[in-house]
Amino acid sequence: MKKVLLFILLLAPMAVMAQKFGHVNTQDIIQAMPDYTKAKNEIDALQKQYEADLKSMQDELTKKSQDYEANEKSFPENIKQRRQQELQDMYQKIQQSYQDNQQALAKASQEKMSAITAKVLDAIKQVGQAGGYVYIMELQGGIPYISTTLSTDVTAQVKAKLGLK
């Protein structure tokens with residue numbers, strides 16, 4: 001019994017040494033993907049459209065506000081109150097549009113990036129399974145230290161799996 005236990009204890013360090021670990025830089029991979037460039041351009045275009053819409057609304061508010069201030073003294077009290085309410089409603093509409101636009105941008109960005117991230121994670125899993133890796137760590141994941149002598153950089157393999165250069 002003691003011999004079997006001693007034999008297992010001697011083999012344990014060899015089993016640990018036989019394990020393969022890898023590391024990957026997903027940020028580098030994602031930025032090299034055509035899908036990422038396309039998604040970024042679409043998000044940028046959507047953002048520019050939202051900014052143009054808001055600028056148009058702000059210009060209209062400015063114009064009406066200047067018109068009101070120029071003619072304020074000549075308006076009867078009920079017209080003044082109605083115009084002030086219109087200006088206030090326009091201002092609130094601009095604020096609401098800004099918030100809605102920010103939420104829409106965040107949602108669109110999240111949807112596009114989740115599809116891209118899923119592709120990268122699938123490629124990492126395939127490389128890990130094909131290479132017999134026990135663990136593949138993200139370089140940018142907040143890990144304070146990764147030994148590059150004991151861990152293999154699989155970034156190039158994942159890029160190749162995705163058809164990237």
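Count residues from 1 along the sequence.
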Got a second to check how far [X]'s [atom1] is from [Y]'s [atom2], nearest 0.5 Å?
X    : Y    : atom1 : atom2 : value
I79  : N71  : CD1   : CG    : 11.5 Å
Q58  : Y98  : CD    : OH    : 10.0 Å
I30  : T37  : CD1   : OG1   : 11.5 Å
I29  : I116 : CD1   : CD1   : 13.0 Å
T155 : L139 : OG1   : CG    : 6.0 Å
Q85  : R82  : CD    : CZ    : 11.5 Å

Can you confirm whether [X] sits close enough to [Y] that some side-chain heavy atom of one is under 4.5 Å from a side-chain heavy atom of the other?
X    : Y   : value
Q96  : Q92 : no
E86  : R83 : yes
V154 : H23 : no
Q140 : T26 : no

Where do I136 and V158 land on the side chain to side chain contact (heavy atoms under 4.5 Å, CB included) test, with the steps shown first? CA-CA 11 Å; I136 297 178; V158 174; over 6 Å; no
How close do [X] and [Y] get, counting heavy atoms only, and between which atoms?
X    : Y    : answer
A32  : L164 : O-CD2, 3.6 Å
S65  : L87  : N-CD2, 3.7 Å
V127 : Q157 : CG1-OE1, 3.3 Å
S151 : G22  : OG-C, 3.2 Å

Between [X] (side chain) and [Y] (backbone), is there a donor-acceptor pair under 3.5 Å?
X    : Y    : answer
T117 : M113 : yes
Q47  : L105 : no
K20  : G131 : yes

Between D53, D89, L54, which is the residue that forms a side-chain contact (heavy atoms from CB on, under 4.5 Å) with I94?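 That would be L54.
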Verify the neighbour count for atom OH of Y91: are there more than 12 heavy atoms of other residues, nucleotides or ligands below 6.0 Å? no
Taking M90 as the starting point, is it possible to reach F75 by hopping between hydrophobic residues whose side chains are less than 4.5 Å apart? yes
Shared hydrophobic cluster, F21 / Y133 (ILVMFWY, side-chain heavy atoms < 4.5 Å):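 No, no single cluster joins them.
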I'd like to know if D44 pairs up with K40 as an ion pair, taking the criterion as any Lys NZ or Arg NE/NH1/NH2 lying under 4.0 Å from an Asp or Glu carboxylate oxygen. yes
Note: K63-D67 ion pair, threshold 4.0 Å (strictly below): no
Stepwise, does the side chain to side chain contact (heavy atoms under 4.5 Å, CB included) test hold for D28 with K159? CA-CA 9 Å; D28 185 41; K159 281 183 174 182; 3.0 Å; yes
Residues Y68 and Q84: side-chain donor-acceptor under 3.5 angstrom: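 Note: Y68 and Q84 side chains meet the donor-acceptor criterion.
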What's the verdict on side chain to side chain contact (heavy atoms under 4.5 Å, CB included) for K80 and E72, showing C-alpha distance, side-chain angles and the deciding distance? CA-CA 7 Å; K80 280 183 187 180; E72 178 181 11; 4.0 Å; yes
Dump the intermediate steps for side chain to side chain contact (heavy atoms under 4.5 Å, CB included) on Q81 and E77, then the final yes or no. CA-CA 6 Å; Q81 289 176 354; E77 191 59 36; 3.8 Å; yes
